[in-house]
Amino acid sequence: MDTVGVVVWLCVVVTILSRSHGDRNVYPSAGVLFVHVLEREYFKGEFAPYMKAGDSSNDPITFNTNLRGYPDRPGWLRYIQRTPHSDGVLYGSPTAEYVGRPTVIEITAYNRRTFETARNNLVINIMGNEEFPLPFQAEFYIKNMNVEEMLASEVLGDFLGAVKNVWQPDRLNAINITSALDRGGRVPLPINDLKEGVYVMVGADVPFSSCLREVETPQNQLRCSQEMEPSISCDKKFRAQFDIDWCKINLVDITKVVTVYRERPNPGPGVLPDMWGYDPPSEAMESRDYFSDFVVTLAVPSAVAMVLFAVLGYAMCCRREGVVQLVHHSSIQKSTKELRSMSKNREISWPLSTLPVFHPVSGEVVPPLHPDNYETTSMPLMQTQTNLQNQVQIPQQQPPGENYCMSTFRRLEVNGIPEERKVAEALNL
């Protein structure tokens, strides 16, 4: 375990505090896991004392990190902080292209209770590594860990110790740690203390052991395809603390990897060269006249609208179909106006069937069938015989040998005198 402790110490870089400038300098190696903890206790001293009742030592503090002069961090550097009451962690695997170039990370701490801020700089000086990269690399997926838990030096040391017992290398380094969420994993449900999962890549200088290659056997490959747990003899050395998904282990031999070189496409005029400043255009550029564009923008739609208006006017006023539609519309409009004017006039004339008529025999005027104050709204236009007043029934003469039948005649009065002549003539027939 002493050797493993030395290896873990190599993974946690040396930190030097430059008090004159207030910057922290760290010296990680390319291709080796870099972990830097942003301690809340350190930044609390940057804030002025807050004179208020309560525990000021437990103020919520959050961090914001970015590359100086840029809004975000370098591509190889990640940051995580679970809650405002926990420490933040910067971690990642530096690449060889950053060797020899100081990378300045601006760290801004926010006190969420007093709204104060404090800013420090972290200078990352990436050093070259002669053994980078290690030829044999293995990536493990640990299901029962979160990334911040795995970044703790004690937990990472225990895992490297278990891998060393299985692999037996002369040199073993942690290369990178990635959260399963960054690989497309789902956020676990907040039940049964489920974890997100984490991928841990380690490198060694000796070939893979037989235990690590057991997952490549046809039997274990079949079990993995059926979503069953494979049978690995050395799993018991991890099971006490780490739940490894052996179906997701990835073994890479860099010595057998064929490097494919691709020519970088020539950037266009809109792409700035690397590490060059932006050169804005000079003020001596010729100005552009937009009057012609403005005229075209208005003239074309106006001309199209006038053509459409002319076509519509010709179709409605000059064509027979349009004239018929206009006449039809005019007649409907006149009828509508007439109906509206009639609805306003409540004095409606009597129907012809209710006006005074001439008596067919005497030639005298017969008064209407209703008085002047009679409600005509419920009166039928044609009176039936059952509704007539002053009715008498007379027998109707039939041929000899047959019975008589009764006929109904109306009794008429002229100037108050009953008219009996018609009845008498009917009886004498």
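Atoms considered below: every heavy atom in the structure, side chains included; atoms not considered: hydrogens, waters and symmetry mates.
- With rounding to the nearest 0.5 angstrom, the OH atom of Tyr91 is 6.5 Å from the CG atom of Leu151.
- Taking each heavy atom of Tyr141 and Ala180 in turn, the nearest pair found is CE1-CB, 3.9 Å.
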* From CA spacing to verdict: side-chain hydrogen bond (donor to acceptor under 3.5 Å, both in side chains), Ser231, Arg223 -> CA-CA 9 Å; Ser231 177; Arg223 295 176 66 89; over 6 Å; no

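- The closest side-chain heavy-atom distance from Lys248 to Tyr199 is below 4.5 Å.
- Between the CG atom of Asn121 and the OG1 atom of Thr108 there is a distance of 8.5 Å, given to the nearest 0.5 Å.
- The pair Lys195-Asp193 meets the salt-bridge criterion, since a charged nitrogen lies less than 4.0 angstrom from a carboxylate oxygen.
- By the 4.5 Å heavy-atom criterion applied to side chains, Met201 and Val252 are not counted as neighbours.
- Between the CG atom in Asp87 and the CD atom in Glu148 there is a gap of 11.5 Å [rounded to 0.5 Å].
- The shortest distance between side-chain heavy atoms of Phe238 and Ile142 does not fall below 4.5 Å.
- Phe34 and His36 have parallel rings, their planes meeting at less than 30° on a 0 to 90° scale where 60° marks the start of perpendicular.
- For the pair Val215/Cys247, no side-chain contact is recorded, criterion being any heavy-atom separation below 4.5 Å from C-beta on.
- Using a cut-off of 4.0 Å between Lys/Arg side-chain N and Asp/Glu carboxylate O, Asp245 and Lys143 are scored as not salt-bridged.
- Around atom CZ of Arg239, more than 12 heavy atoms belonging to other residues, nucleotides or ligands sit under 6.0 Å away.
- From Tyr79, atom OH reaches atom CG of Asn66 across 12.0 Å, with rounding to the nearest 0.5 Å.
- Atom CG in Leu90 sits 5.0 Å away from atom CG in Leu77 (nearest 0.5 Å).
- Side-chain contact between Gln81 and Ile61 is absent, with no heavy atoms from C-beta onward closer than 4.5 Å.
- Contact of the Leu172 side chain with the Leu160 side chain is registered, since non-hydrogen atoms from C-beta on lie closer than 4.5 Å.
- Between Pro135 and Ala204, the shortest heavy-atom contact is CD-O, 3.5 Å.
- Taking the six-membered ring wherever Trp is involved, the centroid distance between the rings of Phe159 and Phe140 falls below 6.0 Å.
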* To do: Could you give me the CA-CA distance, side-chain angles and deciding distance for Ser179 and Asp182, then say whether side-chain hydrogen bond (donor to acceptor under 3.5 Å, both in side chains) is met?
  => CA-CA 5 Å; Ser179 174; Asp182 298 334; 4.9 Å; no

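- Salt-bridge formation is detected for the pair Glu196/Arg82: a Lys NZ or Arg NE/NH1/NH2 atom is positioned less than 4.0 Å from an Asp or Glu carboxylate oxygen.
- With respect to Glu39 and Arg24, no salt bridge is recorded, no charged nitrogen being found less than 4.0 Å from a carboxylate O.
- The shortest distance between side-chain heavy atoms of Trp167 and Val206 falls below 4.5 Å.
- Looking at every heavy atom in both residues, Thr65 comes nearest to Ile105 through CB-CG2, 4.2 Å.
- For the pair Val147 and Ile177, the minimum side-chain heavy-atom distance is below 4.5 Å.
- Atom CD of Gln226 has more than 12 neighbouring heavy atoms from other residues, nucleotides or ligands inside a 6.0 Å radius.
- Rounding to the nearest 0.5 angstrom, the gap separating the CZ atom in Phe43 from the CG atom in Leu38 is 5.5 Å.
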